[in-house]
Structures are given as C-alpha cells and as structure tokens.
Amino acid sequence: MKKGTKIGLGATLLLGVVALTSCTQSFCSPVDTARIMYAFAPGITYYEADTTAADITFTRGEYTVTVKSCKPVVAQWNTDTRCYHFLDESKGQYNRLAVLNDVISSTRDAGKSSVDGNSYEYFSKLDNYLLEEILFYHAQTIDNKNYTIDIADDANGEKSEAHAQFDRIVEKYSFLKYISGENGSMWDNFDKLDAKVRKEVESEKCPKYDFIANYTATVYSKASVYRTCLTTKEDKYGSYGYSTEGVYINAKSWGYAWSKGFFEGLLVWPMGWLIDCIVNGFRGVASSGWSAFWGIVFVTLIVRSLMLLATFKQTKSSAKMTELQPEIQKIQNKYPNANSSMVEKQRMAEEMNRLYKKNKVNPFMALIIMVVQFPVFICVWGALSGASAITNGTLLGMRLDLGIKDILFVGSNWNAAGGYAAVTAFILFILMAGSQTIAMLLPQWIQKSKAKKVAKLGKNPAQSSQNKTMKIFTYVMLALIIFMGFSLVSAMGIYWFVGAVFSIAQTLITQLVMKKSTKK
C-alpha cells in the first residue's frame with residue numbers, strides 16, 4: 001500500500017474515532033432517565049378510582065392537596081414465592097413488581113440480606129410519600145394552594161377525565177422518586193424519602209442497605225441504556241417496563257444539543273428535528289410505525305442528496321477514475337515488473353500522474369469522500385438512535401428503536417403473539433445486507449468490466465497488490481456495516497437499505513452520464 005493511501009486510511013480512522021466519541025452522547029436528561037426508572041420500578045402501590053374510599057389529604061405549609069375517590073392498592077407479600085404480588089392480576093399490574101422481585105431474588109441468592117414480609121410497611125410508606133411529593137410539586141407548579149381532584153369514574157365504569165389527569169400528573173412528575181426537581185441531581189430525593197421512611201418504620205422492617213444498593217444499581221442500569229430522548233415536543237414516547245404507553249420525555253432545544261457536543265449541535269440535533277417534523281407530519285395519514293418509516297426514508301434521501309452536492313467534485317473525479325480504467329490498465333501492462341524494478345515503478349508513476357493531471361483526476365478522491373461521509377453517518381446514527389419520534393408504534397410488528405438482533409433472538413417475535421416482528425426484522429436485514437453488498441461492490445464490478453476490454457501483456461504484481469488491498473478494505477467495510485446493521489437499532493437498517501439503493505442509482509446514473517460525456 002502506498003504511503004499516501006496509508007495516511008489517508010489513518011486519517012479516516014482517526015476522524016471516525018473522534019466522531020464516534022463525540023456523536024454517541026445520549027440526549028436523555030436526568031429527569032428523562034428518572035421517569036424511565038420509575039416505569040421499571042414504580043413501587044408496590046397503584047391507585048384506582050373508588051367512590052367509597054376516604055379522601056387522601058396532604059398539608060405542607062400553606063398548600064393543601066386532596067384526592068377524592070382514590071383507593072391505594074398495595075401489593076401483598078407471598079410467603080411461598082417470597083416476592084410481592086397483587087391480589088388482582090387481571091388489571092395487568094404484574095410488571096410493576098418485576099424489577100423489585102428480581103432484585104429481592106438476586107440479593108437473596110447472593111447470600112446478602114434481602115427483604116421479606118416485614119418490609120411491606122417500608123415500601124408502602126415510600127410510595128405514599130412519593131405521591132405527596134408529586135401532588136405538592138404539581139400544586140406549586142400551577143400555583144393552587146388548595147388543590148383538589150376527584151378521580152371518580154363515570155357511571156359506566158369508564159375512566160373519567162379527572163382520573164386520566166391524575167394518572168398524567170403521577171407519570172409526569174414520577175421523576176421525583178429519584179430527583180428533587182428539574183434541576184436536582186440523581187438520587188437526592190430518593191435518599192431523602194428513604195431517610196424519612198426509616199425514621200417512622202422499625203429498623204428490622206426496613207431493607208438493609210446492601211439491598212438498596214442492589215435495587216438502585218439495577219433500576220439505573222435498566223434505564224440508562226435508553227437514549228431515545230431527542231425530541232422537540234414534550235410527550236409520551238417508547239415502551240419501558242410496565243408502561244406500554246410510554247413515558248414523558250422533555251423537549252430538547254438546539255442549545256441543549258450544543259451543550260452535549262460539537263457534532264450533536266451541528267448535525268445530530270438538526271437531523272433529529274427533521275425526523276420529528278416529518279414523522280409528526282405523516283401521523284395524520286399513517287400509523288405511528290409507518291410515519292416513522294417514511295420519516296427515516298425522507299431523512300435518508302435528504303442527507304444523501306446533500307452529501308452528493310457537497311462531494312460532487314469528488315464523486316465526479318471517482319467516476320472519471322472508473323472511465324479511465326482502460327488507460328490505467330494499458331499503463332500498468334507496460335510495466336509488469338514495477339514491484340521489483342525501481343526504474344519501471346518510477347516510469348509507471350510518471351505516466352499515471354500525467355494521465356491523472358490531463359484528466360483532472362485525484363486518485364485519492366474516494367478516501368476524501370469517505371472522510372466526509374463517516375462523521376455524517378455517525379451523526380445519522382446518533383439522530384436515529386436518539387429520536388423519540390420513532391419509538392411509538394411498530395412497523396409490521398417491529399419496533400424501530402430495538403436492534404435487529406434483539407428482535408430476532410426473542411422466540412415469541414416469530415409468531416402472531418409477537419406480531420411476527422422477527423420476520424420483518426429478518427427481511428429487513430436481508431434487504432439491507434444485499435443492497436449494501438451491491439452498492440459497495442458495484443464500482444469494482446464496473447472497473448473490472450472495463451479493464452477486461454484491454455489486452456494484458458502480462459501479470460502486473462503492483463496492480464494485483466493494489467487491487468487486493470482495495471478488495472480487502474471494501475470487504476472489511478462491508479462486513480462492518482452489516483455487523484452494525486445487525487446490532488444497532490432497526491431504524492438504522494432502514495437508513496442503510498434506502499442509502500444503498502440511493503448509492504446504486506447514483507453509481508449507475510453517474511456512469512451513464514460519464515459514458516455519454518466520453519463519447520462526445
């Protein structure tokens with residue numbers, strides 16, 4: 001490999017590493033993460049409407065909040081399974097306890113102190129104090145010093161608007177379980193609530209601190225892996241823990257994006273904003289899943305078109321290189337010993353340089369295109385993996401915010417129970433891998449076809465070595481893209497598929513235009 005080529009490849013790799021470390025920042029704020037944490041571990045209490053229930057009233061300073069017709073339903077301890085459960089599982093509340101019970105089991109199995117039926121009072125009081133925090137926070141937000149809400153359902157048992165509003169308040173301010181406010185730090189409120197409960201509950205009925213450490217670490221680890229918090233509109237997104245209808249995600253500004261990093265402000269946020277606009281625009285005429293699909297398609301076409309304009313000169317130069325293959329082949333055939341003879345190597349280099357200069361071609365333009373495209377690709381990945389808009393709904397059963405491998409390796413996704421999500425993911429992977437293979441190898445196939453038209457005088461080791469290097473590099477890049485397409489969110493699979501089709505069309509059209517230009 002030539003020294004210039006090595007430098008170019010090294011620069012590409014270095015720029016890729018810099019871009020990767022910059023553009024993989026999560027847009028989730030501590031408040032977003034805390035809400036997701038609550039969705040995984042909301043506690044052992046939920047609230048249902050019951051007109052016979054006593055009023056729930058809290059007083060703090062000059063503020064008084066009252067919830068009427070509200071009955072707290074608290075999970076019970078099962079001495080046989082040694083975990084918490086609700087007496088009426090028909091309401092679909094089991095998932096509320098899944099993480100808590102897993103932590104109870106894992107702490108016990110690790111030989112550390114765990115919890116038992118005596119901890120019932122601790123957990124129920126923790127939930128009660130959290131509800132108090134939420135209601136006071138809401139009352140202060142709307143500046144209502146005597147806030148009252150009656151959540152009684154209508155005569156037909158349908159959820160009333162007041163009941164729905166109560167649920168929205170709890171979900172919106174659920175972050176208070178872990179953070180004291182919008183500007184608080186993670187765990188400050190959890191520590192405060194924990195200390196408050198321990199003052200009122202006997203120590204032997206409180207979970208030991210090793211359990212609390214396991215609990216908080218588990219809940220945070222489940223929530224922190226999510227990064228789909230890039231949105232320009234505060235709303236409920238995604239599907240986390242027991243919350244199949246999503247959690248509230250705060251809107252993000254362009255200034256917030258710049259605080260995350262240079263590439264986040266320059267490229268990631270604008271792409272995320274574009275996805276938001278397109279997806280929300282399609283929602284009136286298509287389902288959430290198809291809206292996200294068309295959003296990804298249009299963003300891909302826009303990004304690739306802008307890239308084509310930005311690299312038009314380089315693309316044109318690369319196309320000329322393909323057209324010059326017969327001439328390049330003739331020169332290489334004249335010097336079959338260029339690898340071993342310095343004289344032949346120098347003469348061949350001189351002739352090649354004259355050919356490039358005459359046709360205004362830079363042989364390293366392909367590397368320049370790649371240097372420009374790689375950070376853009378990373379930013380597209382950052383936008384698609386962070387866009388909240390693609391987390392709502394499914395595309396033919398497939399969630400776009402999940403990795404293709406994560407969908408394929410779940411057995412239920414292969415049948416009707418899972419909406420045949422794995423079938424859709426498998427087809428997408430085949431389309432993505434096939435189109436990427438064609439897109440990356442098509443230029444080489446065209447060059448090889450043109451080179452066959454030139455009679456070879458002998459085998460040229462220099463030419464063979466160069467061709468081998470380019471093939472290895474192409475195959476490595478292809479394998480990397482296919483692997484990442486398999487591992488990253490399925491939305492990236494759609495981006496790569498549409499982008500590959502765009503590249504194939506671009507290559508064929510460019511070759512057609514260059515062929516006509518050459519004839520003239």
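Owing to the predicted nature of the structure, the values given are computational and were not obtained by experimental measurement.
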task: Kindly say whether the aromatic ring centers of Phe429 and Phe486 come within a distance under 6.0 Å.
output: yes
query: Quick one: are the ring centres of Tyr178 and Tyr220 less than 6.0 Å apart?
result: no
Okay, side chain of [X], backbone of [Y]: is any donor-acceptor separation there less than 3.5 Å?
{"X": "Asp150", "Y": "Ala152", "answer": "yes"}
{"X": "Lys252", "Y": "Cys229", "answer": "yes"}
{"X": "Arg35", "Y": "Lys172", "answer": "yes"}
{"X": "Gln76", "Y": "Leu87", "answer": "no"}

task: Apply side-chain contact (heavy atoms from CB on, under 4.5 Å) to Tyr129 and Glu200, showing your working.
output: CA-CA 12 Å; Tyr129 281 131; Glu200 299 183 13; 2.2 Å; yes
field: Arg96 NZ/CZ over Tyr242 ring centroid, <6.0 Å and within 45° of normal
entry: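 Yes; both conditions hold, so Arg96 lies above the ring face of Tyr242.
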message: Is the terminal nitrogen or CZ of Arg198 (NZ for Lys, CZ for Arg) located under 6.0 angstrom from the six-membered ring centre of Tyr209 and within 45° of that ring's axis?
response: yes
Between [atom1] on residue [X] and [atom2] on residue [Y], distance to nearest 0.5 Å:
{"X": "Tyr137", "Y": "Ile169", "atom1": "OH", "atom2": "CD1", "answer": "13.5 Å"}
{"X": "Asp167", "Y": "Tyr47", "atom1": "CG", "atom2": "OH", "answer": "11.5 Å"}
{"X": "Ile427", "Y": "Met398", "atom1": "CD1", "atom2": "CE", "answer": "10.0 Å"}

task: With the side chain counted from C-beta on, respond yes when Arg108 and Ile104 share a heavy-atom pair under 4.5 Å apart, and no when they do not.
output: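 Yes, their side chains come closer than 4.5 Å.
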Between [X] and [Y], is any side-chain donor less than 3.5 angstrom from a side-chain acceptor?
{"X": "Asp194", "Y": "Tyr122", "value": "yes"}
{"X": "Ser29", "Y": "Asp32", "value": "yes"}
{"X": "Asn189", "Y": "Lys192", "value": "yes"}
{"X": "Arg82", "Y": "Ser105", "value": "no"}
{"X": "Thr218", "Y": "Asp102", "value": "no"}

Should the ring pair [X] and [Y] be called parallel, tilted or perpendicular, given that the plane angle runs from 0 to 90° and is split at 30 and 60?
{"X": "Phe136", "Y": "Phe58", "result": "tilted"}
{"X": "Trp269", "Y": "Trp273", "result": "parallel"}
{"X": "Tyr215", "Y": "Phe211", "result": "parallel"}
{"X": "Phe298", "Y": "Phe282", "result": "tilted"}

Contact summary for [X] and [Y], nearest pair of heavy atoms:
{"X": "Ile407", "Y": "Ala425", "result": "CG2-CB, 3.9 Å"}
{"X": "Ala49", "Y": "Asp153", "result": "CB-OD2, 3.5 Å"}
{"X": "Ala383", "Y": "Gly272", "result": "CB-N, 4.0 Å"}
{"X": "Cys70", "Y": "Pro72", "result": "O-CD, 3.6 Å"}
{"X": "Ala292", "Y": "Ala389", "result": "CB-O, 4.5 Å"}
{"X": "Ile134", "Y": "Tyr173", "result": "CG1-O, 3.5 Å"}

- request: Could you pull out all residues at least two apart from Lys145 that satisfy salt bridge (Lys or Arg N to Asp or Glu O under 4.0 Å)?
  value: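 Residues passing salt bridge (Lys or Arg N to Asp or Glu O under 4.0 Å) with Lys145: Glu62.
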query: Out of Thr391, Asn392, Thr231, Thr228, which residue meets the side-chain hydrogen bond (donor to acceptor under 3.5 Å, both in side chains) rule with Tyr237?
result: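 Only match with Tyr237 under side-chain hydrogen bond (donor to acceptor under 3.5 Å, both in side chains): Thr231.
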Ion pair [X]/[Y], N-O distance below 4.0 Å:
{"X": "Lys68", "Y": "Asp55", "value": "yes"}
{"X": "Lys125", "Y": "Glu132", "value": "no"}
{"X": "Arg60", "Y": "Glu133", "value": "yes"}

- request: Take atom NZ of Lys71 as the centre, draw a 6.0 Å sphere, and report whether it contains more than 12 heavy atoms from other residues, nucleotides or ligands.
  value: no
message: Looking at Lys196, I'd like to know if its NZ atom is crowded, meaning that more than 12 non-hydrogen atoms belonging to other residues, nucleotides or ligands lie closer than 6.0 Å.
response: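 Yes, enclosed.
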query: Could you give all pairs that pass the side chain to side chain donor-acceptor pair (under 3.5 Å) test and reach residues 399-409, with sequence neighbours left out?
result: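 Counting only pairs at least two positions apart or across chains, the side chain to side chain donor-acceptor pair (under 3.5 Å) contacts touching residues 399-409 are Arg399-Asp401.
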